[in-house]
Amino acid sequence: MPKWFTPASVICALMFAVSPLLIANAPFESTMGLVQKISYYHMPSAWIFLIAGIVCGVASIRYLFQGNLSQDRLAQAAAELVVLFGALAIVTGPLWARKAWGVWWQWDVRLTSSLMGWMVSVAYVLVRKYGGPGSDKLAAGLALFGMANVPFIYISVNYWRTIHPKTSVVPKLPLQMGIPFWFCVVAFVLLFTLLLRLRVRLEEQRARVDELYLALD
Amino acid sequence: MSRFFRVAWIVLRKDLTVEMRSLEIFSTSLFFAVSVVLFFAVAFVQEGRALDGAAAGILWIAVAFAGTLALGRTFERERQAETLRALLLAPADRPAIYVGKLLGIIALLLVTEVVLLPLIAYLFQAGFFSHLLWLAAILLAGTVGYCAVGTLFAAMLVRARSRDVLLPILLYPIAIPVIIAGVRATATLVAPEFDVALARFWLSLMAAYDVVFVTLALWSFEPLMTD
Amino acid sequence: MMTRLRRLAPVLALAALLSHAPAVSAQQAPQQMDEFVPIDKLPQQEQIPAANLLIPAYAFVWIAVLVYVGSIARRLGGVQRDVERLEADLKARK
């Protein structure tokens, strides 16, 4: 593992340990009160969800057309993190929405596209796990098509929902852009980088095991 | 270029000939689609009245399910006879093989739809047939989009373990926009007043989806199918 | 009206979590809103509903991340052992 890994993990753990204190001391948002504080974890999760998705898609395309194995490992690692951070965003979101909007779930364009993007990443992980030989190409194809699919999902859901107006008014979400918020963003980015590196390491070691078996034969 | 289309035509003709002789895929997937429609009729038609807008959704669900079955079976047939490898080894453009397979599946699904439509229209009292040209265009655009993705994934899955389970897992998340567009477009036909602008929007979305995904599939078929 | 709703939210949240059916809680809301709420109890209970949503949210994030880190550590440990075993085998053979 690279030299920066251990100190960075310590910093990341400390940041996460401190973050609840900072969030607790942050000023209350005026209209939504306490529940708005979910956003300190919800928004960074959603951003990382998106970033991990882009990493996975780009790495898959590069693997597909250049045959670079390290890109495949990167894509595989990123896909699992899409599932993880997507789950964080999709679970914390409704807990906030229950209070802010009065319902758990809205078929709003952002929520629906996130859910469908998340489903593609779950499919990716399932294919990698159960696809057997050749599943690397299969998963890369899925990631490529999944990327191309994002604008279509967005347009179709957006138009579908615009034609059928929502019954309840969804208030525009106010953002509390304070120090604790950016602190959490940094903590999440750090967490993502560390987990990605760790997950890539796992794939590298697996490849090493295969090499060793071949050498033993 | 003419060579490309000749290869595609040969693959298509081969598939159609095999299918015409046995009618295996057509009859099984049609039977499956009809059972799906009947299940929905039991669930959603009460006292002779169907739920509003149910017909369009059920049509596309039945098409999607029957399509999954047909896609899996077409390539399973190639796999059992070990003919896909022969097909891929043939001195022909791989994208041409893809196009031939794609056209075969589209033809099969379109015939299935033609049988399903009157059945759904009868069971759900849905007036699909008031705008025949629109109906044909919507069905064609939706089917092409669904099959473009489906054929590529089914071809890739030939070598994979548990391919029957994986096909819907791969296909459905990607096919969601085309199914949404297909359902909404068909719903405009069934609605009391036909909204041309709305139907045109959904049709053009499906057309864009078709173009993008057929292009992507042609572009990535070669790297995806090489070991 | 709003405060009464807030006061009922923990009950509804629990019901919805248990039943996994948001629709159920939505249907219950209008019936239970008619209940009498003593006004002097409101300020201190004001924050409970939000906390009931906030704590699960943070708990979920923490637990999910820790479980994932644990799962990677477990997998990595297993692979690491394999690598060491195989390297030892390879050395022994030479």
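Keep in mind the model is a prediction, meaning the values are calculated, not measured. Just so we're on the same page: letters track the sequence lines, and every chain starts at 1.
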Does any heavy atom of chain C fall under 4.5 Å from the side chain of [X], the backbone, both, or neither of them?
X	value
A:Phe16	both
A:Leu195	both
A:Leu191	side chain

Hey, are A:Arg199 and A:Glu203 close enough for a salt bridge, meaning a charged N less than 4.0 Å from a carboxylate O? yes

Go through A:Thr112 and A:Ile153 one step at a time and tell me if the side chain to side chain contact (heavy atoms under 4.5 Å, CB included) criterion holds. CA-CA 8 Å; A:Thr112 311; A:Ile153 293 178; 5.7 Å; no

Set of residues satisfying side chain to side chain donor-acceptor pair (under 3.5 Å) with respect to A:Tyr63, sequence neighbours excluded: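 A:Tyr63 satisfies side chain to side chain donor-acceptor pair (under 3.5 Å) with A:Asp136 once adjacent residues are dropped.
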
Using the side chain to side chain donor-acceptor pair (under 3.5 Å) rule, collect all pairs that involve residues 7-17 of chain A, keeping only residues at least two apart or in two chains.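 Every pair satisfying side chain to side chain donor-acceptor pair (under 3.5 Å) with a residue in residues 7-17 of chain A: there are none.
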
Under 4.5 Å heavy-atom distance to chain A, tell me which part of C:Arg93 shows up: side chain, backbone, both or neither.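 The answer is the side chain of C:Arg93.
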
Pair count under 4.5 Å, heavy atoms only, with chain A: among C:Asp89, C:Leu86, C:Asp82, highest is C:Leu86

For the interface with chain A, which of C:Leu90, C:Val67, C:Val69 has the highest count of heavy-atom pairs at distances below 4.5 Å? C:Leu90

Heavy-atom pairs under 4.5 Å with chain C - which of A:Glu80, A:Arg206, A:Arg208 has more of them than the others?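 Heavy-atom pair counts peak at A:Glu80.
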
Greatest number of heavy atom pairs closer than 4.5 Å to chain C - which of A:Thr92, A:Ile23, A:Leu88: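 Looking at each option in turn, the highest pair count goes to A:Leu88.
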
Could you verify whether a donor N or O on one side chain and an acceptor N or O on the other, from C:Ser71 and C:Arg75, lie under 3.5 Å apart? yes

Below 30° counts as parallel, above 60° as perpendicular, anything between as tilted: where do the rings of A:Tyr41 and C:Tyr58 land?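 If you compare the ring of A:Tyr41 with that of C:Tyr58, the planes turn out tilted.
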
